[in-house]
2 protein chains.
Amino acid sequence: MVEHLGKAPSSATPHRATKQRLLDAAELLFASHGFEGTSMRAITQAADTSLSAANYHFGSKQALLEAALVRRIEPVNRRRVEAIDALEKSSEGVVSVEALLEAFLRPGFEVQRESPEEGRRLREVAARFSADPHEIVSKLKFELFAPVMRRYLDALERALPDRTREDLALDFQFFLGVMIHVMSGKNVFSRDHADPMPYADETILDRMVSFATAGLRAGGVPRAPESTPGAGS
Amino acid sequence: MVEHLGKAPSSATPHRATKQRLLDAAELLFASHGFEGTSMRAITQAADTSLSAANYHFGSKQALLEAALVRRIEPVNRRRVEAIDALEKSSEGVVSVEALLEAFLRPGFEVQRESPEEGRRLREVAARFSADPHEIVSKLKFELFAPVMRRYLDALERALPDRTREDLALDFQFFLGVMIHVMSGKNVFSRDHADPMPYADETILDRMVSFATAGLRAGGVPRAPESTPGAGS
DNA sequence: GTCTATAGTTGGATAGAC
DNA sequence: GTCTATCCAACTATAGAC
């Protein structure tokens, strides 16, 4: 799908596909077995190549999986930042809570809409990525998400100026919990009553936004008990 | 703490502690490394015993970890069911959303209050338990949670009778996402802005309940678009 | 750039002494 | 009931031919 020149030699590199196949297999297996549960053997077998080829291209299991995760997650976070840039530019810095939460969620759903297959992969990888205990994964998670998080928390502080930052951070964590749990999809305590997620995608987005917006607006300790200028419902 | 007779021979079994040490070590390591990341060797080393002792007592890695997880999780779910029993008995079947969510959450916090050490362990184990991809863990998760979930969903249906069950199930999943994410604690995208969870325990419980109650009340498609008897705010 | 072959660890589980 | 010793499978990574 995506042509990338770069390390390619001067020829047309007729089979540059090996790296891609390795990344595809790596992300697929990581999504269903996590970091420790995914072996280089399983990856290379699924990619129809050899252990040595994988180590030639990536050097180690860690580097291969990091590359696969960054490839999938980083574009989504870039869209999240672009979305909030656009929002703040068009509204002089004050953006509603709904708009913020939707801007954070929508990039994932856009991927889903553009390509359901890629959307499914994104959800599966992101769910495992959020949950994996391995230190390498945690480190990468922090690197990829810290800037986005700071950006959205800043905006949230402007949207609800009578709340403390710590308070908003907690509510935003609640919101992230909702998102992560939804991404994990098939998951959790449901096999007879509530089968996976029986809703069209855009509906779930709206439901998450309305759920979390209500939660954010409901909660929290005001910044100062006596002098709230005027922003209290 | 808990005496259990049973397989013990007729003597006073002066060192029956090995099984307990194995369970303790297993849950500790599972909490920080997941199912696949936890080796029998690491468990037995932490429990200061041998591989053979572990296999003598439990037969396999799977059986040992299942026993450790059940021991920690099952009592909490029992309390959840007892709490909803009590609520429904004292209010003739109609319980408010707040009361339901609090009843679901409180058992975990009670453990925390009775023993902060046990509370910490519960949180860590439960967080990993909710997130672990391994099939054995998923199966156990379903077995332990399905009855509790059905019970709470039934009650929720009575508390918000103008909503469909599927709809309530989705909102309850959102609520579970919040809880799981909070239990995972240290976790997620925070290292400078919002350090772990800088709130007293009971405060977080209240915050979760108010967040999710507002979310549950805000959202959803009514059961029938035209004939809503009177429960629509 | 990709392969086969292999080095060197570490995994779960068992045998048999005590 | 607990140990040491061991089996065998699977793992990551590398060497060296092509």
Side-chain angles (χ1 to χ4, degrees), chain A residues 4-26 29-30 32-69 132-137, chain B residues 3-27 29-30 32-69 132-137:
Chain A
H4 83 100
L5 336 165
K7 295 193 168 179
S10 54
S11 84
T13 58
H15 50 288
R16 88 205 165 308
T18 295
K19 266 178 97 161
Q20 299 296 328
R21 286 204 316 279
L22 281 167
L23 289 171
D24 290 344
L29 287 167
F30 171 83
S32 44
H33 297 111
F35 189 92
E36 305 220 48
T38 301
S39 72
M40 289 291 272
R41 289 184 141 79
I43 295 171
T44 53
Q45 203 167 331
D48 198 34
T49 179
S50 68
L51 265 179
S52 316
N55 277 310
Y56 169 80
H57 283 294
F58 295 97
S60 71
K61 172 182 172 177
Q62 169 174 349
L64 168 53
L65 282 170
E66 280 183 356
L69 291 174
D132 198 293
H134 203 285
E135 195 212 328
I136 288 166
V137 181
Chain B
E3 293 286 339
H4 83 97
L5 337 165
K7 292 192 171 179
S10 55
S11 84
T13 58
H15 49 289
R16 86 206 166 309
T18 296
K19 264 178 100 163
Q20 299 296 326
R21 288 204 315 279
L22 281 167
L23 289 171
D24 290 343
E27 81 167 9
L29 287 167
F30 171 83
S32 46
H33 298 110
F35 190 92
E36 303 221 46
T38 300
S39 72
M40 288 292 272
R41 290 185 143 81
I43 294 171
T44 54
Q45 203 168 332
D48 198 34
T49 180
S50 68
L51 264 180
S52 316
N55 277 311
Y56 169 79
H57 283 294
F58 296 96
S60 71
K61 170 182 173 177
Q62 169 174 348
L64 168 52
L65 282 170
E66 280 183 354
L69 292 173
D132 198 292
H134 203 284
E135 194 211 330
I136 288 165
V137 181

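Not measured: the values here are computed from a predicted model. Letters A, B, ... mirror the listed sequences (proteins, then strands); counts begin at 1.
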Item to complete: Walk me through it: do B:Phe58 and B:Glu66 pass the test side chain to side chain contact (heavy atoms under 4.5 Å, CB included)?
Response: CA-CA 10 Å; B:Phe58 296 96; B:Glu66 280 183 354; over 6 Å; no

Kindly give the atom pairs (protein nitrogen or oxygen, nucleotide nitrogen or oxygen) under 3.5 Å for nucleotides 14-18 of chain C.
from: C:dT14; atom 1: O4; to: B:Ser52; atom 2: OG; distance (Å): 3.2
from: C:dA15; atom 1: N6; to: B:Ser52; atom 2: OG; distance (Å): 3.1

How long is the line joining [atom1] of [X] and [atom2] of [N], in whole Å?
X: A:His57; N: D:dA13; atom1: NE2; atom2: C1'; value: 16 Å
X: B:His134; N: C:dG11; atom1: NE2; atom2: P; value: 15 Å
X: A:Tyr56; N: D:dA15; atom1: OH; atom2: P; value: 15 Å
X: A:Leu22; N: C:dC3; atom1: CG; atom2: C1'; value: 14 Å
X: B:Leu29; N: C:dT10; atom1: CG; atom2: C1'; value: 16 Å
X: B:Phe58; N: C:dG12; atom1: CZ; atom2: P; value: 15 Å
X: B:Arg41; N: D:dT4; atom1: CZ; atom2: C1'; value: 12 Å

Discussion item. Suppose we screen for ring pair (Phe, Tyr, Trp, His ring centres under 6.0 Å). Which residues come up paired with A:Phe35, at least two apart in sequence or across chains?
Written reply: A:His134

Discussion item. Can you pull out every salt bridge (charged side-chain N to carboxylate O under 4.0 Å, His left out) where at least one residue sits in residues 42-64 of chain B? Sequence neighbours excluded, please.
Written reply: none

Worksheet item: Run the side chain to side chain contact (heavy atoms under 4.5 Å, CB included) check on A:Leu23 and A:Leu64 step by step: do they pass?
Response: CA-CA 7 Å; A:Leu23 289 171; A:Leu64 168 53; 4.0 Å; yes

Worksheet item: Are A:Phe30 and A:Val137 close enough, and set up right, to give a side chain to side chain contact (heavy atoms under 4.5 Å, CB included), and what steps lead you there?
Response: CA-CA 11 Å; A:Phe30 171 83; A:Val137 181; 4.3 Å; yes

Worksheet item: Which of these nucleotides, C:dC3, D:dT4, D:dA13, is closest to any side-chain atom of B:Ser50?
Response: D:dT4

Worksheet item: Taking the side chain of A:Lys61 as heavy atoms from C-beta outward, which of D:dT2, D:dA13, C:dG12 is closest to it?
Response: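 Selected nucleotide (nearest to the side chain): D:dA13.
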
Worksheet item: Hey, is the main chain of B:Thr44 close enough, under 3.5 Å, to the side chain of B:Thr49 for a donor-acceptor pair?
Response: no

Fill in: Those residues of residues 32-40 of chain B lying under 4.0 Å from DNA chain D by at least one heavy atom
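When residues 32-40 of chain B is checked for heavy atoms under 4.0 Å from DNA chain D, there are no hits whatsoever.
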
Discussion item. Please enumerate all residues that pass side-chain contact (heavy atoms from CB on, under 4.5 Å) together with A:Asn55, with sequence neighbours excluded.
Written reply: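 side-chain contact (heavy atoms from CB on, under 4.5 Å) list for A:Asn55, sorted by chain: A:Met40.
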
Response to the item:
Sequence neighbours excluded, the answer for side-chain contact (heavy atoms from CB on, under 4.5 Å) partners of A:Ser52 is A:Ser50

Fill in: Working for side chain to side chain contact (heavy atoms under 4.5 Å, CB included), residues B:Thr18 and B:His57
CA-CA 9 Å; B:Thr18 296; B:His57 283 294; 4.0 Å; yes

Discussion item. Taking only side-chain N and O atoms of A:Thr18, does any of them lie within less than 4.0 angstrom of OP1 or OP2 on C:dT2?
Written reply: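 Yes, because at least one side-chain N or O of A:Thr18 sits under 4.0 Å from OP1 or OP2 of C:dT2.
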
